[in-house]
Protein chains: 2
Amino acid sequence: MTVSTRRTQDQRSTETRRLLLAATVQMLMDVGYANTSTSGIAKRAGVSRGAQTHHYPNKMALIVAATEEMFANFAAGIEALAADLRNGALDCDTFFDAVWKEVLRGDWFYSSLEIIVAARGDTELRQQLAPLILNLHKGLEATWSQTFVSVNPDVVTSRVALNLAMNVFRGMAVQAVLRRDDGYFREMLLALKTILVIHVRPTTSNT
Amino acid sequence: MTVSTRRTQDQRSTETRRLLLAATVQMLMDVGYANTSTSGIAKRAGVSRGAQTHHYPNKMALIVAATEEMFANFAAGIEALAADLRNGALDCDTFFDAVWKEVLRGDWFYSSLEIIVAARGDTELRQQLAPLILNLHKGLEATWSQTFVSVNPDVVTSRVALNLAMNVFRGMAVQAVLRRDDGYFREMLLALKTILVIHVRPTTSNT
DNA sequence: CCAAAAAAACCAACTAGCCTGTTTGTTAAC
DNA sequence: GTTAACAAACAGGCTAGTTGGTTTTTTTGG
């Protein structure tokens, strides 16, 4: 059946790891941390349990690696949007719409939420994840500083304003789990944008 | 040993239920949903497993009941703070500080977060919880409308502004799991308050 | 008013299933 | 031939729900 092409060790490893991490994220997204089992991940990935434990000795290693990948993808996604905003391909309004859509529809936010919440009750996981999230935040803040400028830095810096906005998104996404009310979120997003543009402007627009 | 006071059936039931719900919330807070087991709850509550299943036939019934109680307590706590703000016992600044402290330090937020996240991967739980959260939001929005008035309703209503603020709190609390950085949150809170007072005022202050 | 039956509250052990990590064995690459 | 990658079965532990039995309160009927 499968065309058993000859692959180098490195190709085999990389592919298997990729399958496992993708399956981990997908399973977290689909059924939540509580129902995410190592065997389930292996099954979804189409990889044997032995191969799984070979590459990731235990569940935590798998989770941490998946988180690392998720964070990297998220930072890259946001930075790409921010770059479009800086070079004028996006206006401020559509930028925030896109970020919100990314948060709500993409796999990464809810998957990472599952992991973060799980980490709250697991000291070791928390310790492993803490540096990852710090790194993510650092990257995001660099993007914000580069992409937005504050109207009045003495009141609110662009970094703080965008962090606030991200926290609104986080909060809204949590709410969205139990309250799928598009009208409510549209109204919220509109207000957020209205308030934001009072305090910050994208670095391109110098009106 | 125990002074076996004679209690009515109703007293016995009520007390047992209270112990079980309190233990549920406490356990969710302490070890997270993933590590919250029905037997663990019974143990913490000092109640036999039989008594537990007598009052709550399965885990979900217990979780839903605990959530109901948590939401009620939270709404009451916020309303109490809001009442203090309305009658002048609190100023706007300390009110928001108090709400944030309530979110971060109280049991309710993280316990309910655990449940909400768990509900994301559990259709039945989600369906049972949805009306509870709708009710909670309705109560909160009533409090907001009563306690705050918008400076310019055409731009941002007080209801939306306060919902935004609550979402910021939600998001910050999620962040706080992996990033315990008091300075960061102080800065954030300050900015939030600064921005809020531009758009809404408590109903008492008519300056 | 009291004994006896009924019902509610409570207790403790058991079961079937799942999950994680381990171990032993096999195949593919180097 | 040696090492890395993969496979599959197994063991120990935990969990949720069930079941048969006990204690406490309430109801019933003489």
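Numbers restart at 1 for each chain; the letters A, B, ... are given by sequence-line order, proteins then strands.
- Distance, A:Leu62 CG to C:dG21 C1': 13 Å, rounded to whole Å.
- C:dC19 atom P lies 15 Å from atom CG of B:Asn35, rounded to whole Å.
- Both B:Pro57 and B:Arg12 lie near DNA chain D, and the one whose nearest nucleotide falls closer to the 5' end is B:Pro57.
- Look at CG on B:Leu20: it is 13 Å from P on C:dA9, rounded to the nearest Å.
- Side chain of A:Ser150 to backbone of A:Val156: a donor-acceptor contact under 3.5 angstrom is found.
- Considering only side-chain N and O atoms, B:His55 lies under 4.0 angstrom from the phosphate OP1 or OP2 of C:dC10.
- Within the 3.5 Å criterion, the main-chain N or O of A:Asp91 finds a donor-acceptor partner in the side chain of A:Thr94.
- Toward the 5′ end of DNA chain D lies the nearest nucleotide of A:Ser13, the other residue of the pair A:Ser13 and B:Lys59 mapping further downstream.
- Using a 4.0 Å cut-off, some side-chain N or O of B:Ser37 falls inside it from OP1 or OP2 of D:dT15.
- Atoms CD (B:Gln52) and P (D:dG17) sit 10 Å apart, rounded to a whole Å.
- Nearest to the side-chain atoms of B:Arg49 among the listed nucleotides D:dG17, C:dG21, D:dT15 stands D:dG17.
- With rounding to whole Å, A:Ile41 atom CD1 is found 12 Å from C:dC19 atom C1'.
- Rounded to whole angstrom, the span from the CD atom of B:Gln11 across to the P atom of C:dC10 amounts to 12 Å.
- Contact annotation: A:Ser48 does not reach the phosphate of D:dC6 (side-chain N/O to OP1 or OP2, under 4.0 Å).
- B:His54 has its NE2 atom 15 Å from the P atom of D:dT18, to the nearest Å.
- From one end of the helix from C:dC1-D:dG30 to C:dC30-D:dG1 to the other, with five pairs defining each end axis, the axis direction shifts by 10° (rounded to 10°).
- Within the structure, a side-chain polar atom (N or O) of A:Thr16 is placed less than 4.0 Å from OP1 or OP2 of D:dC6.
- Summarising the geometry of B:Leu125 relative to B:Ile115, their closest heavy-atom pair is CD2-O, 4.4 Å, with the distance given to 0.1 Å.
- Within the structure, ring-ring contact (aromatic ring centres under 6.0 Å, His included) pairs that include any residue of residues 66-104 of chain B comprise B:Phe74-B:Trp108, B:Phe95-B:Phe148, B:Phe96-B:Phe148, B:Trp100-B:Phe169, B:Trp100-B:Phe185 (at least two apart or interchain).
- At the heavy-atom level, A:Thr14 lies nowhere under 4.0 Å from the strands shown.
- Not a single donor-acceptor pair under 3.5 Å links the side chain of B:Glu114 to the backbone N or O of B:Ser111.
- For the side chain to side chain contact (heavy atoms under 4.5 Å, CB included) with B:Tyr110, the qualifying choice from B:Leu104, B:Val25, B:Val174 is B:Leu104, the only one to do so.
- Geometrically, B:Arg179 engages B:Tyr184 in a cation-pi contact defined by less than 6.0 Å to the ring centre and at most 45° from the axis.
- B:Thr53 comes within contact range of at least one nucleobase, with a heavy-atom separation under 4.0 Å.
- Atom CE of A:Met60 is separated from atom P of C:dC19 by 20 Å (rounded to the nearest Å).
- B:Ala23 and B:Arg44 make their closest contact through CB-CB, 3.9 Å (heavy atoms, listed as atom of the first residue, atom of the second, distance).
- Between C:dG21 and A:Thr38, no contact under 4.0 Å exists linking OP1 or OP2 to a side-chain N or O.
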